[in-house]
Amino acid sequence: MNANHPWLAQKIDFQKHNEEVKKVWDAFNKRHPCRVPVYIGGSIRNLFGNPEINTTGYTFEEFFNNPQAQIECQLIYTKWRRFNLVYDQEMGLPKDGWSVGVDFQNSYDAALYGCPIQYFGNDVPA
């Protein structure tokens, strides 16, 4: 049994996985797919909804108002995705380093036009 992924019989070989993913997406982009690529969408909201992943204890309000909280949360969530979600994405440590960006979920337009951001518990603000 795999300690990191108890549902998998073997440990994931990230290099082998990443080579296959590259082939899958290259073939797909050339319009000659070898199979249908699998993609799982998600956002930082998945971090806040799962206390097993969110070891920081930060809330959405802190994520929006504290740059350090936003950076830490993005890195923790990205690392979790890269080491735990098996689909057609690069897994393991990134070759080109970690990246973060400003993430205010769906509030960009409202905030731009001066609407107050409302926080309701630990869910996506409105």
Side chain to side chain contact (heavy atoms under 4.5 Å, CB included) between Gln70 and Val100, intermediate numbers included: CA-CA 9 Å; Gln70 188 157 132; Val100 296; over 6 Å; no
Intermediate values then yes/no, side chain to side chain contact (heavy atoms under 4.5 Å, CB included), Leu93 and Phe83: CA-CA 8 Å; Leu93 295 172; Phe83 282 82; 4.0 Å; yes
Side chain to side chain contact (heavy atoms under 4.5 Å, CB included) between Phe104 and Ile117, intermediate numbers included: CA-CA 10 Å; Phe104 292 127; Ile117 304 293; over 6 Å; no
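Contact check for Ile44 versus Phe60: side-chain heavy atoms found under the 4.5 Å cut-off. You'll find the side chain of Asn46 stays beyond 4.5 Å of the side chain of Ile53, heavy atoms only. Proximity of Gln105 to Ser43: side-chain heavy atoms (C-beta onward) are separated by under 4.5 Å at one or more points. In this structure, the side chains of Lys23 and Asp26 stay at 4.5 Å or more apart for every pair of heavy atoms. Considering only heavy atoms from C-beta on, Trp98 comes within 4.5 Å of Arg82 through its side chain. With contacts defined as side-chain heavy-atom distances shorter than 4.5 Å, the pair Ile76/Thr56 qualifies.
In the hydrophobic clustering of this structure, Val102 groups with Val124; members are Ile, Leu, Val, Met, Phe, Trp, Tyr whose side-chain heavy atoms approach within less than 4.5 Å, directly or through other members. Placement of Val38 and Leu85 within a single hydrophobic cluster is found when ILVMFWY residues are connected by side-chain heavy-atom separations under 4.5 Å, directly or transitively. Placement of Val86 and Phe14 within a single hydrophobic cluster is found when ILVMFWY residues are connected by side-chain heavy-atom separations under 4.5 Å, directly or transitively.
Around the CZ atom of Arg45, the shell of radius 6.0 Å holds no more than 12 heavy atoms that belong to other residues, nucleotides or ligands. Within a 6.0 Å sphere centred on CZ of Phe120, other residues, nucleotides and ligands contribute more than 12 heavy atoms.
Electrostatic pairing of Asp88 and Arg35 counts as a salt bridge here, judged by a charged N lying under 4.0 Å from a carboxylate O. For Glu90 and Lys95, the salt-bridge test passes: some basic side-chain N is under 4.0 Å from an acidic carboxylate O.
One side chain, Asn65 or Tyr119, offers a donor N or O that lies under 3.5 Å from an acceptor on the other.
The two atoms that bring Cys34 and Ala27 nearest to each other are N-CB, 4.1 Å, heavy atoms only. Listed here is the closest heavy atom pair of Pro51 and Gly49: CD-O, 3.8 Å.
In this structure a side-chain-to-backbone donor-acceptor pair under 3.5 Å is present from His17 to Gln89. Judged by distance alone, the side chain of Gln74 and the main-chain N or O of Gly101 form a donor-acceptor pair under 3.5 Å. Proximity of a side-chain donor or acceptor of Ser107 to a complementary backbone N or O of Ala110 within less than 3.5 Å is not detected. In this structure a side-chain-to-backbone donor-acceptor pair under 3.5 Å is missing from Asn66 to Glu62.
Separating the CG atom in Asp123 from the CZ atom in Phe48 is a distance of 11.0 Å, to the nearest 0.5 Å. Of the inter-residue distances, the one linking Cys73 atom SG with Gln68 atom CD reads 10.0 Å to the nearest 0.5 angstrom. Residue Thr78 holds its OG1 atom at 9.5 Å from CG of Leu47, rounded to the nearest 0.5 Å. Going from atom CG of Asp13 over to atom CE of Met91 covers 11.0 Å, rounded to the nearest 0.5 Å.
Ring to ring, Phe63 and Tyr58 are not that close: their centroids are 6.0 angstrom or more apart.
Taking the six-membered ring for Trp and thresholds of 30 and 60 degrees, Tyr87 and Tyr39 have ring planes more than 60 degrees apart, a perpendicular arrangement.
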